[in-house]
2 protein chains.
Amino acid sequence: MPSVRIRHLSTASADFEAEFQRVLHWSAETDDAIEQRVAAILADVQQRGDAAVLDCTARFDGLAADSVAALELSQADFKAAFDGLPLAQREALQAATRRVRSYHEAQKKACGESWSYRDDDGTLLGQKVTPLDRVGIYVPGGKAAYPSSLIMNAVPAHVAGVQEIIMVVPTPVRGSVATGGSGAGGTATRGERNDLVLAAAHVAGVTRAFTIGGAQAVAALAYGTATVPKVDKITGPGNAYVASAKKRVFGQVGIDMIAGPSEILVLADGSTPPDWVAMDLFSQAEHDELAQSILLCPDAGYIARVQDAIDRLIDGMPRRDVIRASLEGRGALICTRSMEEACAISNRIAPEHLEVSSDDPHRWEPLLRHAGAIFLGAFTSESLGDYCAGPNHVLPTSGTARFSSPLGVYDFQKRSSLIEVSEAGAQVLGPIAATLAYGEGLQAHAQAAELRLKR
Amino acid sequence: MPSVRIRHLSTASADFEAEFQRVLHWSAETDDAIEQRVAAILADVQQRGDAAVLDCTARFDGLAADSVAALELSQADFKAAFDGLPLAQREALQAATRRVRSYHEAQKKACGESWSYRDDDGTLLGQKVTPLDRVGIYVPGGKAAYPSSLIMNAVPAHVAGVQEIIMVVPTPVRGSVATGGSGAGGTATRGERNDLVLAAAHVAGVTRAFTIGGAQAVAALAYGTATVPKVDKITGPGNAYVASAKKRVFGQVGIDMIAGPSEILVLADGSTPPDWVAMDLFSQAEHDELAQSILLCPDAGYIARVQDAIDRLIDGMPRRDVIRASLEGRGALICTRSMEEACAISNRIAPEHLEVSSDDPHRWEPLLRHAGAIFLGAFTSESLGDYCAGPNHVLPTSGTARFSSPLGVYDFQKRSSLIEVSEAGAQVLGPIAATLAYGEGLQAHAQAAELRLKR
């Protein structure tokens, strides 16, 4: 009898499809009360600016201040936090930042440079790629205050060439009212600052920072206030209030994706030590009761050994209660007919993290069409990618890898088309444009093209 | 006394800033009645599928059908529409499609290919770029039914490698109730099909097409019904109902930008014939009363000549009423102190279309940081870019060029990070990851990294 009662499925059983749908089912329920509260906060900050931000921060985070300026952190605060850390943590922050920067520099070179070409008739066509001027990064307070997230958001912005990075990070008072608050569900002492986060701001580079959070922080960044500068884009994770606020200001400013619970899918051929796979499943499950860990494997004996490892290892984990709840609530060990079938099922899931735990991972990689990040081979534990391999750990969740991408340099750049039609080119293009414009009933378009024709 | 009373501003006058803010002001007011109606339609389609789509189509478009299948258009319909067009239109559609394809192929090559590299220790890092599986393209009915839009949406999807392109295009009945309807405000005869749009579907390549529109069409594409396949992303312009529906299904599927009124900004040094500039301003103004046409020029005499050209040319324009309403309501002729100042003001506006109407456009281009598309030199009328120069005409509006980009191949692709950590790499990365993970209180992450260390 297994101690962790994780769901076992087999693609060979008749009820597989129904069971599989139950495993996949997850929907971000919209909470009308949250929606209304967020709409009111956004409107208030838009109208009253700093005063509204101060009121919300006092009310939701229990943090009183005379002015928003008093809530600003300084570069000296970041430096002091960094200097106060043990050497190993300082070096780890620096090494991770260096590797993440190096990867994103390669990314910029591969897909983030301006380009253009000329036609035979001398017409120039291309795109100019430029950084955003100013971006806002939301860093949650509470239990999900991760310095690694700050690195993963700030570094690609820097590499893109963004000049100003404005961080908002709530420091809610322990036991303050959670409703409308800005933590990720946890508590914090009054004004308590997470030193690792502040140290990461020092290492990764943040221009300005305010200890505000929740919908009010998103509103301040989106609309600007007397103290908080208006940004062009807001990235970074947050609770339901933050997610709702980001979705509402989308269009006014850019936003990154709205993240759902984190997920890992391990595709195993049985060649990896079962303990490694069990721990990788744990590492996703420990995030959150709603996190999802799935194993796909054609070898039933191997699945049993992973179950044994799970049962043996769980008691040693400090976060075993969260891990157990996540594995039993949303996890699954799925026995497939073949690795090919496992790849096909993986494509249906479009997981955020996909480990190909195989001694021949490049055989399977070409079959994998949808995933946020693909971790190849037994040594590539997801946690290495989460912190320091280099690629971004902000990844599309809940199947959105079907249409969206990891956070990257491209999220902090925008493109402008470049067109320079030569006189000769205008003679060729003019009649085509005029014909189509007349067909659409847009005569001024047609005549603008015709005016450039030689008589 | 000018016949077209377009606003004249000068950066030298004391009230410039206030006047300029008035010119810039535009906000998409959220209409609560529309929001509620759209929410109800989405919920209905999600629950009842085809039946809800049929009900909405009958109710809003006045188009009755027994099944959604009866609303599907065939490849033969596209072909017949194409064959029925005059030769000049057929050739123009083909030439435009060919040029747009060629530009987007260059774009894919420049920024849409997979890449990877190996570290010294053999660790592989990169990104795999893959097309979306299936996309939906919304093509409005009514007065804004533009075949060129279909080309601009379908071609980059094809070039990206998308296998299935599902078009929705309403064919509302003339005089049918507009509320909740799918036209762009105009009327159409019963089931009347726009032959140019259908012909463009033939030339640009559309996999399947349904004569449905409005929020119900967006819902059908986002959720899927028994007949309409669920897509991964929805692109294409539409009215307020369509825009609201797209914003609501965002996250469930990908969407392109939500477009505001179209804009042109002409930056002129006085070297272009004034008639050309006047016609370019008209070509934006003729779209819509809310479209915005702005001229920035340091030469007051030239501005007067453009005003004269506007007054002389307006009466010859079939769409003169729309042009006049647009120019008088939202247009402006702005006299600046210098071209440099004109560039700075242009950056504040971040226009959708930016013409650099100068005999030395490459002198000014580097100063221009925010624009959807930059048209260089007197021969590059915006209309050439709208139809056939090659770059996409779907561009960020309302200042969103500060953070977003033209529609492109990249909108129909997504990226997956690739990470393969070598055994040697795991020895270097493991301690870094473990240190940071313990710092964040994520012990399973730490142990997953440590398990890969050699004892």
Side-chain angles (χ1 to χ4, degrees), chain A residues 88 92 95 103 110-111 115 125 130 132 146 196 232-233 251 254 258 276 279-280 282-283 286 318 371 373-377 379-381 383-385 387-391 402-403 405-406 414-421 423 426 429 432-433 435-436 439-440 443-445 447-449 451-452, chain B residues 88-89 92 95 103 110-111 115 125 132 146 196 232-233 251 254 258 276 279-280 282-283 286 318 371 373-377 379-381 383-385 387-391 402-403 405-406 414-421 423 426 429 432-433 435-436 439-440 443-445 447-449 451-452:
Chain A
Y103 174 83
C111 63
W115 55 275
L125 301 169
T130 45
L132 307 195
Y146 297 144
L196 268 172
D232 297 312
K233 187 164 188 166
I258 305 290
W276 298 16
M279 195 59 76
D280 292 353
F282 285 0
S283 75
E286 75 175 338
I374 302 176
F375 300 79
L376 299 164
F379 282 97
T380 316
S381 74
S383 67
L384 300 180
Y387 288 106
C388 56
R402 294 187 65 85
F403 56 85
S405 301
K414 45 18 183 225
R415 297 167 182 278
S416 302
S417 303
L418 289 177
I419 317 176
E420 181 179 35
V421 178
E423 184 170 355
L429 297 178
I432 300 170
T435 300
L436 292 173
E440 292 183 350
Q443 298 88 358
H445 282 69
Q447 291 188 34
L451 283 175
R452 270 79 175 184
Chain B
Q89 286 191 339
Y103 174 83
C111 63
W115 56 275
L125 301 169
L132 308 195
Y146 297 145
L196 267 173
D232 297 311
K233 186 163 189 168
I258 306 288
W276 296 16
M279 195 58 76
D280 291 354
F282 286 0
S283 74
E286 77 176 337
I374 302 176
F375 300 79
L376 299 163
F379 283 97
T380 315
S381 74
S383 67
L384 299 180
Y387 289 106
C388 55
R402 293 187 66 83
F403 56 84
S405 302
K414 35 48 179 205
R415 297 168 182 277
S416 303
S417 303
L418 288 178
I419 317 177
E420 181 179 33
V421 178
E423 184 171 355
L429 298 178
I432 302 169
T435 299
L436 293 172
E440 291 183 350
Q443 298 87 359
H445 283 68
Q447 291 189 33
L451 283 175
R452 270 79 176 184

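Since the model is a prediction, treat every value here as computed from it, not as a measurement.
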If we define contacts as heavy-atom pairs under 4.5 Å, which of A389(A), A88(A), A95(A) has the most with chain B?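 Result: the option with the highest number of such pairs is A389(A).
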When heavy-atom pairs shorter than 4.5 Å are enumerated against chain B, which of T130(A), L436(A), L125(A) gives the highest number?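 Most pairs with chain B among the choices: L436(A).
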[X] versus [Y], closest heavy-atom pair with distance:
{"X": "S405(B)", "Y": "K414(A)", "value": "OG-CA, 3.3 Å"}
{"X": "R452(A)", "Y": "D280(B)", "value": "NH2-OD2, 2.7 Å"}
{"X": "M279(A)", "Y": "A444(B)", "value": "CG-O, 3.7 Å"}
{"X": "G385(A)", "Y": "I419(B)", "value": "CA-CD1, 4.1 Å"}
{"X": "A433(A)", "Y": "L384(B)", "value": "CB-CD2, 3.9 Å"}

Residues R415(A), C111(B); criterion side-chain contact (heavy atoms from CB on, under 4.5 Å); working and verdict: CA-CA 11 Å; R415(A) 297 167 182 278; C111(B) 63; 3.8 Å; yes
Verify, without hydrogens or angle tests, whether Q443(B) (side chain) and P318(A) (backbone) share a donor-acceptor contact under 3.5 angstrom.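 Answer holds: no.
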Taking the side chain from S416(A) and the backbone from I374(B), do they hold a donor-acceptor pair closer than 3.5 Å?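 Absent.
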Measure distances from L451(A) to the heavy atoms of chain B and classify the residue's part below 4.5 Å as side chain, backbone, both or neither.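 For L451(A), the contact with chain B is made by backbone and side chain together.
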W115(A) versus chain B, heavy atoms under 4.5 Å apart: side chain, backbone, both or neither?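 Contact with chain B: side chain only.
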Heavy atoms only, distances under 4.5 angstrom: which of P406(B), G377(B), A426(B) has the most pairs with chain A? Name it, please.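 Result: the option with the highest number of such pairs is P406(B).
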Separation of [Y] [atom2] from [X] [atom1] (nearest 0.5 Å):
{"X": "L132(B)", "Y": "R402(A)", "atom1": "CG", "atom2": "CZ", "value": "9.0 Å"}
{"X": "Q447(A)", "Y": "S381(B)", "atom1": "CD", "atom2": "OG", "value": "12.0 Å"}
{"X": "Y103(B)", "Y": "S417(A)", "atom1": "OH", "atom2": "OG", "value": "4.0 Å"}
{"X": "E420(A)", "Y": "T380(B)", "atom1": "CD", "atom2": "OG1", "value": "6.0 Å"}
{"X": "Y146(B)", "Y": "H445(A)", "atom1": "OH", "atom2": "NE2", "value": "7.5 Å"}
{"X": "L429(A)", "Y": "Y387(B)", "atom1": "CG", "atom2": "OH", "value": "13.5 Å"}

Under 4.5 Å from any heavy atom of chain A, what part of L418(B) do you find: side chain, backbone, both or neither?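 For L418(B), heavy atoms of backbone and side chain both lie under 4.5 Å from chain A.
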